[in-house]
Amino acid sequence: MSLLLSILLFADVHTARTLLKDGKIPEALREMEAALRDRPNDPEVQYQAGELLRELGDSRAARLQQLAPNSPETHELLGRSLESRGKLDEALAEYRAALHGGPDGLGRHFAVGNILWKKREFEAARAELEAELRLNSNHALASLRLGETLLSLNQPAEAAQHLRKSVGAMGSSLEAHRAMGRAFRALGQHREALEQFRIVAAGQPDDASIHTQLAGEHRALGDLAQARAESELQRKLLQAKSPAAQKH
């Protein structure tokens, strides 16, 4: 993160916390919502928003509903709080209420689509994610989720179009590289898939599943020795994580 972005983020968070301390909860949430809207793919912004919600707590959230029950910002931030606690159905209801209150608000179709993706309701997720990208074609995380959704719908060629965009915008995102590798594999482009999976393995060398994927691509390319090596590495990683191994 650049120094300028760090300063801007600090200013957003400081302002939000000051408003929260003064009891101005809707204003504090709007301040964080502005930061989330301006930098939707910034993990630090996501983290700070989550921290703010945790500080609110259940009692503050109840008060927030009393102060501004019909505010799209209220519904959206309550949705984030519920989602962070794994309450997907409740979060979905809040996100849909936010969307109803402000259908052109950036990020709201994505919030609904992302929950639907998590719930494996892929056709419904696709519609919401496509709606988000019509409003904001540069939403890299929406491109990633749409690509992953299309992979689940067995449409790898269309998925690859969106995943290329997400990889370009989120260059260090291992999730994007893994999904891109899956798309290449489904399209029979094994060398390209191998390149993507190698990037993931470099960032997550202890992830046994990526070595399974690497083994499959080496096998498809006829490199049986390297396929066996990757399979052996995957076996050792799984063995090391087994309960019996962890007791020693």
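Just so it is clear, the model here is predicted, and its values are computed rather than measured. Values reported hereafter were calculated over all heavy atoms of this structure, with side chains retained and with hydrogens, waters and symmetry mates removed.
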What is the distance from atom [atom1] of [X] to atom [atom2] of [Y], rounded to the nearest 0.5 Å?
{"X": "L82", "Y": "H75", "atom1": "CG", "atom2": "NE2", "answer": "12.0 Å"}
{"X": "E158", "Y": "L150", "atom1": "CD", "atom2": "CG", "answer": "5.0 Å"}
{"X": "Q213", "Y": "R182", "atom1": "CD", "atom2": "CZ", "answer": "8.0 Å"}
{"X": "Q196", "Y": "L174", "atom1": "CD", "atom2": "CG", "answer": "10.5 Å"}
{"X": "D89", "Y": "I115", "atom1": "CG", "atom2": "CD1", "answer": "9.0 Å"}
{"X": "R228", "Y": "R235", "atom1": "CZ", "atom2": "CZ", "answer": "14.5 Å"}

Nearest non-hydrogen partners of [X] and [Y], listed with the distance:
{"X": "T149", "Y": "F122", "result": "CG2-O, 3.3 Å"}
{"X": "A159", "Y": "G147", "result": "CB-O, 3.3 Å"}
{"X": "V112", "Y": "L92", "result": "CG1-CD1, 3.8 Å"}
{"X": "A91", "Y": "G79", "result": "CB-O, 3.4 Å"}
{"X": "R164", "Y": "F184", "result": "NH2-CE2, 3.8 Å"}
{"X": "L133", "Y": "S143", "result": "CD2-OG, 3.6 Å"}

Run the salt bridge (charged side-chain N to carboxylate O under 4.0 Å, His left out) test on E195 and R198 for me, step by step, so that the C-alpha distance in whole Å, both residues' side-chain angles and the decisive distance to 0.1 Å come before the verdict.
CA-CA 5 Å; E195 180 181 352; R198 278 174 170 165; over 6 Å; no

Quick check on the hydrophobic clustering: are [X] and [Y] connected, directly or via other members, by side-chain heavy-atom contacts under 4.5 Å?
{"X": "V167", "Y": "L129", "answer": "yes"}
{"X": "F110", "Y": "L144", "answer": "yes"}
{"X": "L238", "Y": "L233", "answer": "no"}

Measuring only between side-chain heavy atoms, which start at C-beta, is [X] closer than 4.5 Å to [Y]?
{"X": "R80", "Y": "Y95", "answer": "yes"}
{"X": "L187", "Y": "E192", "answer": "no"}
{"X": "R219", "Y": "L224", "answer": "yes"}
{"X": "Q204", "Y": "I210", "answer": "no"}
{"X": "N114", "Y": "E83", "answer": "yes"}
{"X": "N136", "Y": "E132", "answer": "yes"}
{"X": "L99", "Y": "E128", "answer": "yes"}
{"X": "L146", "Y": "R126", "answer": "yes"}

Does the side chain to side chain contact (heavy atoms under 4.5 Å, CB included) test come out yes or no for S166 and E148, once each step is laid out?
CA-CA 11 Å; S166 71; E148 291 174 318; over 6 Å; no

Determine, stepwise, if the pair S137 / K165 fulfils side chain to side chain contact (heavy atoms under 4.5 Å, CB included).
CA-CA 10 Å; S137 61; K165 190 170 185 179; 3.7 Å; yes

So that I can tick it off, tell me whether R145 and E175 are bridged by a salt bridge, with the cut-off set at under 4.0 angstrom between side-chain N and carboxylate O.
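A salt bridge links E175 with R145.
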
